[in-house]
Amino acid sequence: MSTEQDAPEGSRMSATPEPPLLRLSGVHSGYGPVPVVHDVTLAVREGEICALIGANGAGKSTLLRTISGLLRPTAGTVEFAGTDITRDRPEAISLRGLVQVPEGRRVFHGLTVRENLELGLWKRKVTAPEERERLEWTFSLFPVLEHKLRARAEVLSGGEQQLLAIAQALVAKPRMLLIDEPSLGLAPLAAERVLATVAKLRTTGLTVLLVDQAVERVLGLADRAYVMRTGRIVAEGPAARLREGPALQEAYLGTLADSD
Ligand code: ATP
């Protein structure tokens, strides 16, 4: 279990004077006239694994899409690395090093593992030696993919496809990943393997905002967490503390009661 005490150096956040890598202030967003996210303020510090949890329909994916530029906030600001990216296009945000791994193992089934990884380098100016170095770095985190480079993605297991989706984002050498429901639809063992790989990303110094329904496991690997309910942040704090406290149950049970 991750605690403030045993968190690695890069993720300790006590009295750090550094500004957060990602900062949202008063963000509202939704789909056309339908508001979903209400007045969200949050911050993720460099090197931190931060979880965003909440019941189905709480607005977690909508918030990630808003951060990555797929949805434009109707109010509020999104800052990344000290720059206001609120009105930036998704490609521009991705090129700044803030990359989303969307829900649902979005890999190209008809392409090989290698071709899928190369797509992660799209529009990135990398030399051949840099590309080799990035692939090697990615394989050090995802050794299983190196053995299947020539296999078409469709023959990979669900868990391997999810790892490939994360790896595709990683070859771009992002500063921060937004990972949406990586364990969704996977058998327990595969889900555990995928989340263990996400936990391993901590060693790279990468910053992660992670959404997943495997709440216990996610709070076990995250440094801090935000709890969302009906589009609002209703609790935040060190993951270990949220795991023990009542805020979590209230967020989930409250939402269930609302939907009755
Ligand atoms: P889950 O864990 O089930 O994915 P979530 O917390 O990620 O839930 P969202 O997917 O962000 O929640 O959905 C929040 C609300 O936005 C829901 O009421 C959903 O119906 C609505 N919604 C999601 N996607 C769209 C869309 N493309 N168009 C209109 N409404 C949408």
Side-chain angles (χ1 to χ4, degrees), residues 22 24-44 49-78 85-86 89-90 93-94 98-107 158-159 161-162 165-166 169 176-188 190-192 194-195 198 208-222 224-237 239 242-243 247-260:
L22 177 74
L24 272 63
S25 310
V27 166
H28 293 251
S29 74
Y31 302 93
V34 183
V36 173
V37 167
H38 306 279
D39 197 21
V40 166
T41 292
L42 62 77
V44 184
I49 296 187
C50 189
L52 177 63
I53 55 180
N56 287 337
K60 306 176 299 293
S61 297
T62 304
L63 186 60
L64 292 195
R65 284 183 210 128
T66 307
I67 297 168
S68 63
L70 295 170
L71 287 174
R72 190 160 277 184
T74 49
T77 55
V78 181
I85 59 163
T86 315
R89 295 179 55 77
I93 292 173
S94 164
L98 176 54
V99 176
Q100 180 165 8
V101 182
E103 186 180 320
R105 303 173 225 153
R106 303 249 180 100
V107 292
Q161 286 178 6
Q162 183 60 63
I166 298 172
M176 178 165 184
L177 283 185
L178 308 169
I179 310 181
D180 197 357
E181 302 265 19
S183 78
L184 186 74
L186 296 178
E192 172 49 34
V194 166
L195 290 173
V198 173
V208 176
L209 181 57
L210 171 66
V211 167
D212 204 277
Q213 290 292 1
V215 174
E216 273 287 311
R217 180 67 179 100
V218 164
L219 290 180
L221 69 86
R224 280 191 317 120
Y226 288 89
V227 183
M228 245 186 137
R229 182 184 166 204
T230 55
R232 296 177 190 278
I233 301 294
V234 292
E236 66 171 285
L242 280 175
R243 206 175 171 191
L248 204 57
Q249 282 170 3
E250 278 164 24
Y252 279 83
L253 296 176
T255 307
L256 285 176
D258 287 348
S259 64
D260 278 342

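All residue numbers in this chain count up from 1 along the given sequence. Whatever order the structure lists them in is the order used to number ligands and atoms, beginning at 1.
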Determine yes or no for a side-chain-to-main-chain donor-acceptor pair under 3.5 angstrom, with [X] supplying the side chain and [Y] the backbone.
| X | Y | answer |
| --- | --- | --- |
| Asp212 | Ser183 | yes |
| Ser68 | Leu64 | yes |
| Lys60 | Ala55 | yes |

Walk me through whether Glu236 and Leu42 qualify under side-chain contact (heavy atoms from CB on, under 4.5 Å).
CA-CA 9 Å; Glu236 66 171 285; Leu42 62 77; over 6 Å; no
Could you check Leu98, Val99, Val78 and say which one makes a side chain to side chain contact (heavy atoms under 4.5 Å, CB included) with Ile93?
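Of the listed options, the one satisfying the test is Leu98.
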At less than 3.5 Å, what protein N or O atoms come close to the N or O atoms of ligand 1? Include the distances to 0.1 Å.
unit_1   : atom_1 : unit_2 : atom_2 : d
ligand 1 : 2 (O)  : Asn56  : OD1    : 3.3
ligand 1 : 2 (O)  : Lys60  : NZ     : 3.1
ligand 1 : 2 (O)  : Glu181 : OE2    : 3.1
ligand 1 : 2 (O)  : Gln213 : NE2    : 3.1
ligand 1 : 3 (O)  : Asn56  : OD1    : 3.3
ligand 1 : 6 (O)  : Ala58  : N      : 3.1
ligand 1 : 6 (O)  : Gly59  : N      : 2.9
ligand 1 : 6 (O)  : Lys60  : N      : 2.9
ligand 1 : 6 (O)  : Lys60  : NZ     : 2.7
ligand 1 : 7 (O)  : Ser61  : N      : 2.9
ligand 1 : 7 (O)  : Ser61  : OG     : 2.9
ligand 1 : 8 (O)  : Gly57  : N      : 2.8
ligand 1 : 11 (O) : Thr62  : N      : 2.9
ligand 1 : 11 (O) : Thr62  : OG1    : 2.5
ligand 1 : 12 (O) : Gly59  : N      : 3.2
ligand 1 : 24 (N) : Tyr31  : OH     : 3.3

Taking only residues two or more places apart in sequence or in another chain, which ones pass side chain to side chain contact (heavy atoms under 4.5 Å, CB included) with Thr62?
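Only Ser29, Tyr31, Val36, Val37, Arg65, Thr66, Leu71 meet the side chain to side chain contact (heavy atoms under 4.5 Å, CB included) criterion with Thr62.
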